[in-house]
Amino acid sequence: MNNDQDTIIALSTPSGSGAIGVIRLSGPDAISLTNTVFAGKDLEKQATHTLHFGLVKDGDHIIDEVVAGLFVAPKSYTKENVVEISCHGSNYIIQQIINLLISKGARAAKPGEFTLRAFLNGAFDLSQAEAVADLIASNSKASHDVAMQQMRGGFANELKGLREQLIHFASMIELELDFAEEDVEFANREQLKNLVNKINYVLQRLISSFEMGNVIKNGVPIVIAGKPNVGKSTLLNALLNEERAIVSDIAGTTRDTIEDELTIGGIVFRFIDTAGIRDTADIVEALGVERTLEKMKQAKLIIYMADADQSLSEIKEQVRGLEQLAIPYLILVNKADLISADQRKTFEGLNAVFISAKEKQGIDELKTILLEQVNLHHINTSETLVTNIRHVEALKQTEHALQRVLANVDNPVTSDFLAMDIKQALHYLGEITGTVTTDDLLENIFTKFCIGK
Ligand SMILES: Nc1nc2c(c(=O)[nH]1)N(C=O)[C@@H](CNc1ccc(C(=O)N[C@@H](CCC(=O)O)C(=O)O)cc1)CN2
Ligand SMILES: Nc1nc2c(ncn2[C@@H]2O[C@H](COP(=O)(O)OP(=O)(O)OP(=O)(O)O)[C@@H](O)[C@H]2O)c(=O)[nH]1
């Protein structure tokens, strides 16, 4: 992956026409290459972090009037020479400029290659590079907060602290091995145990933060079940209107679910409307539909939505089907505007929430319930939250290795294993920060970035 003698080029703004398009070059020849097509000041003689107006010309042919921004190595995002050409945002102009510079020796950048270079050149660790992608994808205050915290190095510093303690530990054990015949004990066993316990405590907190971190990054999955026409769409619209949220109709991974995303109180919720249940009155039967069941099992909450004119016995029967899933559920009785207070009493004992999606009654109460469901008061965005499945897996492996250390620490015969398991723990921590990497791993991470990032 490391062909850092190349000078790479890509459009860094979205493709399509816009007011301005920014083309970015990075690499040893970024400035000299640009200079060959730039009519204006001599870019090779300009200071870093300066902007220069000029023309981009292919021979005598003027392609555009542009502004060139200079970042002279190592003072740039990638730590290499970087030039940013801001041109008029026409696809045609952008392509002409990129092709021209490629003909002069630049190479089209691969997805994430700028950020990969920044990582390889030590601008930040791997967890921070991954946070850049999360930051770009963030669409709520909470997901922005955690990505920003991770990009600014919160997680990285926490891991660095753990690593340093472990390295100290490892070196003491190694020392003992060197003096094996003399039967000395450099590493006080009680201190070692305390240290491992302390580290494990932090690891466990990080591992358990993933549940929340994942929800913040990917949204809280809420399944809405109920008979046709109970008012699911009306409810989603009522929730939406008030929040003016980013919304999209995400087509479900399969055609049997429809997903809508919206933010409530800064948290993204994914409402999953399960057609399997929509189309059949018998929920138990619908649960047999495997994919629907899978969706439901991932839900943080199932909303069973009933129409106020449904009979109590029918609602109870359908809810009994849901109970088998052992996932928190909420009974929502809609169209409450159509029934009297006395009629409401017939639903007593259901512990239902009454709303009128159409008249927007009970919507705030519902929002409060939804937010309680994700345990919002536990979110403390100044505390590190793990949002990445790769990181959790590595943290779990680290913890397992340290458990083995604890199991062996009092046994003098197993000193060799101690050293080995500590090294394993260090290895897994290193996978997160990128001190230990493979080309496959890097490729996997950076190809998910957009081109130009
Ligand atoms: N035009 C532009 N905007 C951008 C970026 C970019 O590359 N170009 N970024 C790309 O993601 C982000 C900002 N990240 C950046 C990170 C470091 C440096 C930089 O020049 N660092 C130098 C100088 C630091 C300083 O003067 O304090 C350095 O680290 O030495 C620039 C942008 C978002 N906005
Ligand atoms: N009176 C009253 N009517 C409502 C209320 N909510 C929804 N409706 C009406 O009920 C009908 C069905 O509403 P939808 O939101 O389309 O129901 P749905 O559950 O999404 O329907 P399907 O997607 O077909 O399952 C519409 O005519 C709505 O106007 C309510 O709170 N009160």
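On a predicted model such as this, the values are computed, not experimentally measured, just so you know. FYI, the numbering just counts along the sequence from 1. Numbering of ligands and ligand atoms starts at 1, following listing order.
In this structure, Asp337 does not pair ionically with Lys358, as no charged nitrogen and carboxylate oxygen lie closer than 4.0 Å. One finds no salt bridge joining Lys453 and Glu113 here, because no Lys/Arg side-chain nitrogen approaches an Asp/Glu carboxylate oxygen to under 4.0 Å. No salt bridge links Lys75 with Glu80; every basic N to acidic carboxylate O contact stays at or beyond 4.0 Å. Taking 4.0 Å as the cut-off between side-chain N and carboxylate O, Glu211 and Lys300 count as a salt-bridged pair. Between Glu431 and Arg390, no side-chain nitrogen of the basic residue sits less than 4.0 Å from a carboxylate oxygen of the acidic one, so the salt-bridge criterion is not met.
One N or O on the side chain of Asp125 and one on the backbone of Gln128 form a donor-acceptor pair closer than 3.5 Å. A donor-acceptor pair under 3.5 Å links the side-chain atoms of Gln343 to the main chain of Ser340, judged by distance alone. Panel note: side chain Asn121, backbone Arg117; a donor-acceptor pair is recorded below 3.5 Å.
Short contacts between ligand 1 and Phe71, defined as distances under 4.0 Å to a heavy atom of the residue, involve ligand atoms 20 (O). Taking every non-hydrogen atom of Lys79 and a distance limit under 4.0 Å, the qualifying atoms of ligand 1 come out as 28 (C), 29 (O), 30 (O). For ligand 1, the atoms sitting less than 4.0 Å from at least one non-hydrogen atom of Glu84 are 1 (N), 2 (C), 6 (C), 7 (O), 8 (N), numbered in the order shown with element in parentheses. Near Thr234, meaning under 4.0 Å from any of its heavy atoms, are these atoms of ligand 2: 6 (N), 7 (C), 13 (O), 14 (P), 15 (O), 28 (C). Applying the 4.0 Å criterion to heavy atoms of Leu338 picks out, from ligand 2, the atoms 1 (N). Near Ser356, the atoms of ligand 2 lying under 4.0 angstrom from a non-hydrogen atom of the residue are 30 (C), 31 (O), 32 (N). Residue Arg24 approaches ligand 1 through these ligand atoms, each under 4.0 Å from one of its heavy atoms: 6 (C), 7 (O), 10 (C). Residue Asp337 has at least one heavy-atom neighbour below 4.0 Å for each of these atoms of ligand 2: 1 (N), 2 (C), 30 (C), 31 (O), 32 (N). Each of the following atoms of ligand 1 lies closer than 4.0 Å to a heavy atom of Lys453: 10 (C), 11 (O). Listed by number with element, the atoms of ligand 1 under 4.0 Å from a non-hydrogen atom of Lys75 are 20 (O), 22 (C), 28 (C), 30 (O).
Protein heavy atoms are found less than 4.0 angstrom from atom 16 (C) of ligand 1. Note that atom 34 (N) of ligand 1 has no protein non-hydrogen atoms nearby, at separations under 4.0 angstrom. Under the 4.0 angstrom criterion, atom 28 (C) of ligand 1 counts as having a protein heavy-atom contact. Of the protein's heavy atoms, none falls inside 4.0 Å of atom 13 (C) of ligand 1. The presence of a protein heavy atom under 4.0 Å from atom 3 (N) of ligand 1 is ruled out.
Closest approach of Cys87 to Ile23, counting heavy atoms only: SG-CD1, 4.1 Å. When all heavy atoms of Ala425 and Leu166 are compared, the closest pair comes out as CB-CD1, 4.0 Å.
Polar contact with ligand 2: absent for Glu359 (N/O pair, distance under 3.5 Å). Where the criterion is an N or O separation shorter than 3.5 Å, residue side chain and backbone included, Val230 meets it with respect to ligand 2. Considering backbone and side-chain atoms alike, Asn334 places an N or O below 3.5 Å from some N or O of ligand 2. Checking only distances, Ala336 never comes within under 3.5 Å of ligand 2, N or O to N or O. Checking only distances, Gly231 does come within under 3.5 Å of ligand 2, N or O to N or O.
Counting heavy atoms of neighbouring residues, nucleotides and ligands inside a 6.0 Å radius, atom OH of Tyr92 does not exceed 12 of them.
Of the protein's heavy atoms, Tyr77 CB, 4.5 Å lies nearest to atom 32 (C) of ligand 1. The shortest contact between atom 26 (O) of ligand 1 and any protein heavy atom is with His49 NE2, 4.3 Å.
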| task | Begin from the C-alpha positions of Phe119 and Phe124 and carry the test side-chain contact (heavy atoms from CB on, under 4.5 Å) through to its verdict. | result | CA-CA 5 Å; Phe119 161 68; Phe124 37 62; 4.1 Å; yes

| said: The test is side-chain contact (heavy atoms from CB on, under 4.5 Å); show your working for Lys57 and Val37 and say whether it passes. | reply: CA-CA 5 Å; Lys57 289 171 84 174; Val37 303; over 6 Å; no

| query | Is there a side-chain contact (heavy atoms from CB on, under 4.5 Å) between Leu332 and Ile355 once you walk through the steps? | reply | CA-CA 7 Å; Leu332 209 56; Ile355 62 160; 3.9 Å; yes

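With distances taken over non-hydrogen atoms, the option nearest atom 25 (O) of ligand 2 out of Asn237, Leu235, Asn229 is Asn229.
Residue Ile355 does not touch ligand 2, judged by heavy-atom distances below 4.0 Å.
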